[in-house]
Structures are given as structure tokens and as C-alpha cells.
Amino acid sequence: MCIRDRYKNSRMIGFKHSWERLIAKHGYELVDGRLFRCSAVNVKEVTEKEIDRHRTAIVRHELSSPMKTLAKNGFLSGNYSIFDYGCGRGDDLKELEAHGLEALGWDPNFSPDTDKVNSAIVNMGFVINVIEDQDERIEAVLGAWDITDKLLIVSAMLANESYLAQFKPYKDGVITSRNTFQKYFTQAELKTYIERVLEEEPIAVSPGIFYIFKDKALEQLLDVN
């Protein structure tokens, strides 16, 4: 791979630790602002703990909480195309279809061959909290934002320190008893994270659920009171 290909997602380079991990992963080191091949010792990939990501996809018999906020705010009127980024087993898609709404979705485990298509509204429901690789987490948010035409919804699990104490720490999150990864946020941490990655102002519509508007005219229709 040509080194210039590693600069494709330039927005990630603004995150110092992500940039350092990225170049180290490809066998380079940064010295005085210049990239050099790592010498002396060959770079070996660190064996990562095998995480059962597919186990995080729960079965629902009603719309997820992010989708319910869309219904509450009038965005499930049928006037907007909807894409579920990280749709899991597709329960939200089935519920929307049952109500006469067309929606598409993609999931790396359950629907990996579905195309990621531009849509007016993109839902990223409880996705970032199950991605243990920080670079991949950023890429996922940017990927969802890229196919958003009007509104992106990002949601994640919230928890405090006392709750986290029961789990085994792993990277910047924890490993659960089901061998799944969870990155828990506080409301403020989640807002700051979205802001840093997208360089946009997220709007809290519920605990752990934020709207990020590309269409600022549509944003004016939102009543968060």
C-alpha cells in the first residue's frame, strides 16, 4: 500500500493518538515531523482479545429509543428516507416496514453485503459503544455522517463509575460477562466525543441520544423543550 493511501481519512489525523496508532500499525514512526519505517525490531501486530460483537445485537419487539425520538419529533412521517447504520438483526427496519415506512440498513455482522446509501436520516443507534478499536469507532461515525443528507442520530450507553466497577476494564471500555465490549459514556462525554469527531454541534434529545443536523433548516423544526 502506498503511504499516501494512509492519509485518505485526513480528519482522523487531527486526533493525535489515533494518528500515532495508525502509523504504528503500518510499521512507521514519527520523528521530527517525518515518517520513517520502524527499524531495529520488526513491528508485530499485538494479538487482540477476540470480542463477540455479534452478541451485542439484542432482539426488540418495538422501536429502539433513538427511533422513538424520530417518531416523537415527526421525522417518521414518510417524508424522509431512513438508513440504519449498524442495524443489528434489523428489528427497527421490520418495525418501520410494519408501519408502512421504507428503510434500509447495514450491519457488519448481520447485513454486511447491504450497500451504504445516502439517506435523509441516518440512525447510528448504540453502535459506537460496542466498537473496541478507537480508530474504527471514529471511522464509523465519519462513515455514517458521509451518507447523511439531513440528520444523523448518534446514541450510546451511559453509565457512571460505580456501575463500571463491576466489569473488567479493556482499552477505553469494559468487557461484559457475555464477552462483549462496551464503551460507556456520560452525557457530557458523549456530546464532546461527537463534537470532536464531526466538528458539528450535537443536540441532546434524550439521555444518550444526540441529533446532528446537516440540514440547518430542518433543525429549526426540532422542539427539544
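Excluded from the calculations below are hydrogen atoms, water molecules and symmetry mates; all remaining heavy atoms, backbone and side chain alike, are included. All residue numbers in this chain count up from 1 along the given sequence.
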Rounded to the nearest 0.5 Å, how far apart are [atom1] of [X] and [atom2] of [Y]?
{"X": "N79", "Y": "I121", "atom1": "CG", "atom2": "CD1", "result": "9.5 Å"}
{"X": "I128", "Y": "R137", "atom1": "CD1", "atom2": "CZ", "result": "7.0 Å"}
{"X": "D91", "Y": "F110", "atom1": "CG", "atom2": "CZ", "result": "9.5 Å"}
{"X": "T114", "Y": "D107", "atom1": "OG1", "atom2": "CG", "result": "9.0 Å"}
{"X": "N123", "Y": "D92", "atom1": "CG", "atom2": "CG", "result": "6.5 Å"}
{"X": "K183", "Y": "L164", "atom1": "NZ", "atom2": "CG", "result": "8.5 Å"}

>> Consider ring pair (Phe, Tyr, Trp, His ring centres under 6.0 Å). Of Y163, Y193, F126, which one does F185 pass it with?
In response: Y193

Using modelled atom types only, decide if a donor and an acceptor are shared between the side chain of [X] and the backbone of [Y] within a distance under 3.5 Å.
{"X": "T69", "Y": "P66", "value": "yes"}
{"X": "S119", "Y": "S81", "value": "no"}
{"X": "T180", "Y": "T176", "value": "no"}

> Less than 4.0 Å between a side-chain N and a carboxylate O, is that true for K191 and E201?
Replying inline: yes

> Any ion pair linking D223 and K72 (charged N to carboxylate O, less than 4.0 Å)?
Replying inline: no

> Are E95 and M67 close enough, and set up right, to give a side chain to side chain contact (heavy atoms under 4.5 Å, CB included), and what steps lead you there?
Replying inline: CA-CA 10 Å; E95 280 294 313; M67 287 292 186; over 6 Å; no

Ignoring hydrogens, what is the shortest heavy-atom contact between [X] and [Y]? Give both atom names and the distance.
{"X": "A103", "Y": "L96", "answer": "CB-CD1, 3.7 Å"}
{"X": "P112", "Y": "W106", "answer": "O-NE1, 3.4 Å"}
{"X": "A140", "Y": "I131", "answer": "CB-CD1, 3.9 Å"}
{"X": "P202", "Y": "E195", "answer": "CD-CG, 3.4 Å"}
{"X": "E200", "Y": "F213", "answer": "OE1-O, 4.4 Å"}
{"X": "L101", "Y": "S77", "answer": "CD2-C, 4.4 Å"}

> Counting only heavy atoms not in E97, do more than 12 sit closer than 6.0 Å to its CD atom?
Replying inline: no

Sub-4.5 Å side-chain heavy-atom contact between [X] and [Y]:
{"X": "V141", "Y": "L198", "value": "yes"}
{"X": "S111", "Y": "C87", "value": "yes"}
{"X": "L218", "Y": "Y80", "value": "yes"}
{"X": "I147", "Y": "V117", "value": "no"}
{"X": "I209", "Y": "V154", "value": "no"}
{"X": "L152", "Y": "K214", "value": "no"}
{"X": "W145", "Y": "V197", "value": "no"}
{"X": "E219", "Y": "I203", "value": "yes"}

> Which pairs with one or both residues in residues 149-166 pass salt bridge (Lys or Arg N to Asp or Glu O under 4.0 Å), sequence neighbours excluded?
Replying inline: K150-D215

>> Applying side chain to side chain contact (heavy atoms under 4.5 Å, CB included) to Y184 and D172, what does each step give before you reach the verdict?
In response: CA-CA 9 Å; Y184 289 99; D172 65 343; over 6 Å; no

>> Please evaluate residues D84 and L104 with respect to the criterion side chain to side chain contact (heavy atoms under 4.5 Å, CB included), reporting the C-alpha separation (whole Å), side-chain torsions for both, the decisive distance (0.1 Å), and the verdict.
In response: CA-CA 6 Å; D84 199 0; L104 299 173; over 6 Å; no

>> Looking only at side-chain N and O atoms, does T148 offer a donor or acceptor that is under 3.5 Å from a partner on Y85?
In response: no

>> If you apply the rule side chain to side chain contact (heavy atoms under 4.5 Å, CB included), what do you find for Q187 with F210, and how did you get there?
In response: CA-CA 10 Å; Q187 184 81 341; F210 285 85; 3.8 Å; yes

> Applying the 4.5 Å side-chain criterion to the ILVMFWY set and letting contacts propagate, would L93 and I82 be lumped into a single cluster?
Replying inline: no

